[in-house]
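In what follows, a single structure is set out as structure tokens and then discussed.
Order of the sequence lines sets the chain letters (A, B, ...), proteins ahead of strands, with each chain counted from 1.
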There are 2 protein chains.
Amino acid sequence: MTKLHSHQHDHDAGHAHDHNHNHCIDTALATAETLCIEQGQRLTKVRRRALELIWESHRPLGAYQLLAKLAEEGFNSAPPTVYRALDFLLAAGLIHKVESMNAYLGCAHADRAHKGYFLICDECHNVMEFDYQDIHAALIAKAAKQGFELRAETIELTGLCADCKAKATDAAAVGTSA
Amino acid sequence: MTKLHSHQHDHDAGHAHDHNHNHCIDTALATAETLCIEQGQRLTKVRRRALELIWESHRPLGAYQLLAKLAEEGFNSAPPTVYRALDFLLAAGLIHKVESMNAYLGCAHADRAHKGYFLICDECHNVMEFDYQDIHAALIAKAAKQGFELRAETIELTGLCADCKAKATDAAAVGTSA
DNA sequence: GATAATTTTGTTATGGTATAACAACTCAAA
DNA sequence: TTTGAGTTGTTATACCATAACAAAATTATC
């Protein structure tokens, strides 16, 4: 039950890179290059830039948000452009789709097969990806008991992250003392 | 195929349920009535009929599919009508939303608090709801370890159901022998 | 290099999902 | 009976996603 990676960056508006997120991006891009070459896939300009832009966002990015960013940079501005890039990146395992948000998130472990399990904060909309082999195994076993052969898992947990919970508690304290 | 009370039942193509689905619907509606009265909520005509229609479908029903059915019966045909009904039913815990399908499903256990965990067949699109306290507890514990307070869980597993797996095997066997 | 096969991208159009905003109506309580 | 909360009607719009076919770029093969 190792916590593999967290993307809970406190990303207040206009305060983009106050941590080593650049490193995440570089690593992800390098991994992407490697994987694509290994698999004979082409990480074209638009695909590569889409992946970077997704990583540059600290929160899951909607398809049309991404499209707007790409369009600003001179890429074609029609929806198929972005959906093709997303399809490619999803198929390559380089990003995940957060179904409950219709949004896309860089995958921190594209180099090894895994399922994307997410903790999504209702308040700040930050998303943490977590990995939980115990749960994965339990789900497979549970499905198998019903003769069901598992192919994909959508595990999206929403609630309050630690930061937002602290803020809420503070606010309540101020409220009661006043 | 099972025959319903007074309405037409149009989920015919390939449904896999042999039970008397009427009973499920009746139970669900009775539970809904009770719960709404207990909580001072109003199960109006359109809400009630929406819930029935969702239950009459053996598969998750899209908002616009539901809207069409309601419109056929003389209800208003504008989207807000159906989304309001869906919002009410979701809030009351009478239905679940299957995020990965953008579709809605009757909740079989509205009378007790629970999370909707789903097994969704890629082939026949039937959905089985399952309940798994072990997983629920594990997820809560996992989230808590990161200071995260869980509010909702989206657990949607897709793959091949037992029936479709059997059919696929049969088809393969015929293919190889021919 | 020329050519063909394959993949990727451009372009137009459309379909599917969901909500905002405000007006009108209903029903029950004060 | 007025009031007020909740519900529904109505119009408009925003957001999410794909179909279908044309054009261009890339790769493989001659």
Side-chain angles (χ1 to χ4, degrees), chain A residues 32-33 36-51 53-54 57 59-92 94-105 125 154 156, chain B residues 32 35-51 53-54 57 59-92 94-105 125 154 156:
Chain A
E33 297 278 11
C36 287
I37 288 168
E38 279 177 12
Q39 297 166 20
Q41 300 284 62
R42 288 155 60 183
L43 190 64
T44 60
K45 278 186 185 174
V46 66
R47 291 169 177 173
R48 187 192 164 89
R49 190 64 189 129
L51 181 58
L53 287 167
I54 288 171
S57 165
R59 297 182 183 72
L61 201 57
Y64 278 66
Q65 291 174 272
L66 175 57
L67 181 58
K69 287 173 191 276
L70 287 171
E72 276 176 18
E73 301 181 5
F75 291 98
N76 182 13
S77 66
T81 296
V82 76
Y83 282 103
R84 284 164 179 158
L86 289 170
D87 286 348
F88 175 87
L89 297 171
L90 284 168
L94 297 169
I95 61 173
H96 293 293
K97 178 177 184 183
V98 182
E99 294 287 352
S100 59
M101 300 177 78
N102 292 317
Y104 303 83
L105 187 68
H125 303 106
T154 299
E156 298 173 8
Chain B
L35 286 176
C36 287
I37 289 169
E38 279 176 11
Q39 297 167 20
Q41 299 283 62
R42 288 155 59 184
L43 191 64
T44 60
K45 278 186 185 175
V46 66
R47 291 170 177 174
R48 186 191 165 91
R49 190 62 190 128
L51 181 57
L53 286 167
I54 288 172
S57 166
R59 297 181 184 71
L61 203 56
Y64 279 69
Q65 290 175 275
L66 175 57
L67 181 58
K69 288 174 192 275
L70 288 170
E72 275 175 19
E73 301 181 4
F75 290 98
N76 182 13
S77 66
T81 296
V82 76
Y83 282 103
R84 284 163 178 161
L86 290 171
D87 286 348
F88 175 87
L89 297 171
L90 284 168
L94 297 170
I95 61 173
H96 293 293
K97 178 177 184 184
V98 183
E99 294 288 351
S100 58
M101 300 177 76
N102 292 317
Y104 303 84
L105 188 68
H125 303 107
T154 300
E156 298 172 8

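Within the 4.0 angstrom heavy-atom criterion, no nucleotide atom of any strand lies near A/F88. Residue B/Y104 is classed as a sugar-phosphate contact, given heavy-atom separations below 4.0 Å to backbone atoms only.
Counting to the nearest Å, the P atom of C/dA29 and the CZ atom of B/R42 are 11 Å from each other. The CG-P distance, from A/L89 to C/dT8, rounds to 12 Å in whole Å. With rounding to whole Å, B/R49 atom CZ is found 21 Å from D/dT7 atom P. For the pair B/L66 CG and C/dT17 P, the computed distance is 12 Å after rounding to whole Å. Rounded to an integer number of Å, the gap from CD of B/E99 to P of C/dT17 is 13 Å. Between A/D87 atom CG and D/dT18 atom P there is a gap of 6 Å when expressed in whole angstrom units. Computed from coordinates, the A/I37 CD1 to D/dT27 P distance equals 12 Å when rounded to whole Å. Atoms CG (A/L43) and P (C/dT9) sit 10 Å apart, rounded to a whole Å.
Of the candidate nucleotides D/dA19, D/dT10, C/dT9, C/dT9 has the atom nearest to the side chain of A/R47. Minimum atom distance to the side chain of A/T44 is reached by C/dT9, of the listed C/dG10, C/dA18, C/dT9. Side-chain proximity of A/Y83 to the nucleotides D/dT18, C/dA18, C/dT11 is greatest for D/dT18. For B/P80, counting side-chain heavy atoms from C-beta on, the closest listed nucleotide (C/dT17, C/dG10, D/dT10) is D/dT10.
On a pure distance criterion of 3.5 Å, a polar donor-acceptor pair joins the side chain of A/Y64 and the base of D/dA17.
Looking at heavy atoms from C-beta onward, B/R84 lies out of side-chain contact with B/V46 at the 4.5 angstrom threshold. The shortest distance between side-chain heavy atoms of B/I54 and B/L94 does not fall below 4.5 Å. At least one side-chain heavy atom of B/F88 sits under 4.5 Å from a side-chain heavy atom of B/L43.
A distance-only check finds a donor-acceptor pair linking the side chain of B/R47 to the backbone of B/R42 [under 3.5 Å]. Checked by atom type and distance alone, the side chain of A/E156 never pairs as donor or acceptor with a backbone atom of A/V98 at under 3.5 Å.
Distances shorter than 4.0 Å separate none of the side-chain N or O atoms of A/K97 from OP1 or OP2 on D/dC16. An OP1 or OP2 oxygen of D/dA17 is reached within less than 4.0 angstrom by a side-chain nitrogen or oxygen of A/N102. In terms of phosphate contacts, A/N76 brings no side-chain nitrogen or oxygen within less than 4.0 Å of OP1 or OP2 of C/dT9.
Nearest-nucleotide mapping onto DNA chain D: of B/R84 and A/Q65, the residue sitting toward the 5' end is B/R84.
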